[in-house]
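Reminder, nothing fancy here: chain letters follow the sequence lines and each chain counts from 1.
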2 protein chains.
Amino acid sequence: MSLDSIKPSRGRPKTLDRDHILDVAMNSYWKENIANLSLNEICRRSGVSKPGLYREFSNEDGLMKAVLIRYQEQVLGPVQQMLNSDVPFREALDNLISFAASVSCHDESPNGCLFIKMRESRTHLGEATRAQVDFLEEQGLVTFQKWVERSKAKGEFSAEMSSEFAATYIDAQLSNASSQVARGEDPQMVQKILVAALSILK
Amino acid sequence: MSLDSIKPSRGRPKTLDRDHILDVAMNSYWKENIANLSLNEICRRSGVSKPGLYREFSNEDGLMKAVLIRYQEQVLGPVQQMLNSDVPFREALDNLISFAASVSCHDESPNGCLFIKMRESRTHLGEATRAQVDFLEEQGLVTFQKWVERSKAKGEFSAEMSSEFAATYIDAQLSNASSQVARGEDPQMVQKILVAALSILK
DNA sequence: CGCTTATTGTACCGCCTGGTACTTAATTAG
DNA sequence: CTAATTAAGTACCAGGCGGTACAATAAGCG
């Protein structure tokens, strides 16, 4: 359902398409500089009036939080699911590397991971969005750590380092790769760097 | 000389202190989000009127370029000089690591390397500043590459990788470290990650 | 039909931005 | 002392921002 779940029987019918707005906003934030993208612009692009957008999302902070949640559901979720599955460590790592070295919304100028972009812009996010970023960061670290622990148990991860540090290290390297892609570096070079950096996990 | 080099013999004497403005601007850009810092704010902080600032630097782009040049002279220069000297590779690498894991202007909330911050915000820099960023990036890569080549010749660098890739890799890891520091990560953890990532250079 | 309810968009608000026209102040040359 | 020269800052500009008051619109209910 693209419109609101509960439809009141009276009053003017809702025509505002929440999902469409979120799509437009997500792709906009994703492929452009977050700080340079105004609410006005998102209204223009999604064909919705400003009060309409405010009625649905309260304010800019609310919209960005909603966008981030959507991104988690649509993009990050599948990756985390892969890490939680019983895919062999090396294979999962390879998947992770190709994912990070090439994340982009569509054919347009690729721009890394939206979550990481937001984390980089942390300082000028609204309260709610910042809290969501923190939540996703923690969730990501936990996912990595458990993944490493399970891999250790399976004997597929033998590097001598704590699972906690490994998780932090992986997070840092993926973050770095995303930044590079966003900056316009050649994805192949980004991947090469990532492979080199993650080669210490063996 | 803090005031302009050539003093015309006639007319009202100049009181505008270029160096002071650059100091204020550099520290401001350094420890705060570049995108959130307006020219008005810099005028307020440096006690100069807006037309005064425009007369000296033409526009925001000119100011940021001047700031970046100053940063290169005051901060990056000494580091590059160290890499161009005959300090043993390991020692130079250690210096580089401590530098990157702790760069901050003063006691205030540390914020990584200004050059790298600017490179991250590349998209919303002015033309002149962006060109300067590109120039410094290239200069940095060349410095790293020559350093690696000299170290290879001295037998202090034996990892099997091209000097060009090594330079790119070092740049990427330092950049990553700076981002983390700027994001507020614990400098000790940043250093630990950096040591791990650069451990492949041996 | 009119009343209520819910949703719409126009047209505005105050604020801040980068940038500038213009008057005033401070100095030297004649 | 006056004129010329140079630099200073006040006070403004258009434009964009996040955010909102409010009237118009479209449905169901009686």
Rounded to whole Å, how long is the line connecting atom [atom1] of [X] with atom [atom2] of [N]?
{"X": "F57(A)", "N": "dT20(D)", "atom1": "CZ", "atom2": "P", "result": "16 Å"}
{"X": "L53(B)", "N": "dT10(D)", "atom1": "CG", "atom2": "C1'", "result": "16 Å"}
{"X": "E56(A)", "N": "dG9(C)", "atom1": "CD", "atom2": "P", "result": "12 Å"}
{"X": "K14(A)", "N": "dT8(C)", "atom1": "NZ", "atom2": "C1'", "result": "12 Å"}
{"X": "I42(A)", "N": "dG19(D)", "atom1": "CD1", "atom2": "C1'", "result": "15 Å"}
{"X": "N36(B)", "N": "dC17(D)", "atom1": "CG", "atom2": "P", "result": "15 Å"}
{"X": "L39(B)", "N": "dC13(D)", "atom1": "CG", "atom2": "C1'", "result": "16 Å"}
{"X": "L37(B)", "N": "dG18(C)", "atom1": "CG", "atom2": "C1'", "result": "13 Å"}

Query raised in the report: When you measure from every atom of DNA chain D, which of residues 117-128 of chain B have a heavy atom less than 4.0 Å away?
Result: none
Strictly below 4.0 Å: does [X] bring a side-chain N or O up to OP1 or OP2 of [N]?
{"X": "S38(B)", "N": "dT17(C)", "answer": "yes"}
{"X": "R10(A)", "N": "dG30(D)", "answer": "no"}
{"X": "N40(A)", "N": "dG16(D)", "answer": "no"}
{"X": "T15(B)", "N": "dA8(D)", "answer": "yes"}
{"X": "R44(A)", "N": "dC17(D)", "answer": "yes"}

**Report entry** Which residue lies more 5' along DNA chain D, comparing E41(A) with G11(A) via nearest heavy atoms
**Finding:** E41(A)
Query - Exceeds 12 heavy-atom contacts within 6.0 angstrom, atom NZ of K117(B) - result: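 Yes, enclosed.
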Query raised in the report: Is it true that atom NZ of K202(A) has more than 12 heavy atoms of other residues, nucleotides or ligands lying nearer than 6.0 Å?
Result: no
Query raised in the report: Are the side chain of S151(B) and the backbone of F157(B) linked by a donor-acceptor contact shorter than 3.5 Å?
Result: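 Judged by distance alone, no pair lies under 3.5 Å.
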Query raised in the report: Any salt bridge between D86(B) and R150(B), counting N to O under 4.0 Å?
Result: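 No.
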Query raised in the report: Toward the 5' end of DNA chain C, which comes first, D61(B) or G47(A), by nearest nucleotide?
Result: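 Upstream on the strand: G47(A).
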Side chain of [X], heavy atoms from C-beta onward: which of [options] has the nearest atom to it?
{"X": "Y54(A)", "options": "dG19(C), dT20(D), dA27(D)", "value": "dT20(D)"}
{"X": "S49(A)", "options": "dG9(D), dT10(C), dA8(D)", "value": "dT10(C)"}
{"X": "E60(B)", "options": "dA26(C), dG9(D), dG18(C)", "value": "dG18(C)"}

Counting C-beta onward and ignoring hydrogens, is there a side-chain heavy-atom pair between [X] and [Y] closer than 4.5 Å?
{"X": "L125(A)", "Y": "V133(A)", "value": "yes"}
{"X": "L63(B)", "Y": "L22(B)", "value": "yes"}
{"X": "I116(A)", "Y": "V103(A)", "value": "no"}

Query raised in the report: For the side chain of K50(B) and the base of dG19(C), is some donor closer than 3.5 Å to an acceptor across the two?
Result: yes
Query raised in the report: Sequence neighbours excluded, which residues qualify as side chain to side chain contact (heavy atoms under 4.5 Å, CB included) partners of F135(B)?
Result: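 Result, side chain to side chain contact (heavy atoms under 4.5 Å, CB included) vs F135(B): Q132(B), Q139(B).
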Tabulate protein N/O versus nucleotide N/O from nucleotides 22-25 of chain D, keeping only pairs under 3.5 Å, one per line.
unit_1, atom_1, unit_2, atom_2, d
dT25(D), O2, R12(A), NH1, 3.1

Query - Under 3.5 Å side-chain donor-acceptor pair for E120(A) and S179(A) - result: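 Present: a donor and an acceptor within the cut-off.
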Query raised in the report: Just checking, K192(A) and F165(B): is the charged tip under 6.0 Å from the six-membered ring centre and within 45° of the axis?
Result: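 Cation-pi check for K192(A) and F165(B): passes.
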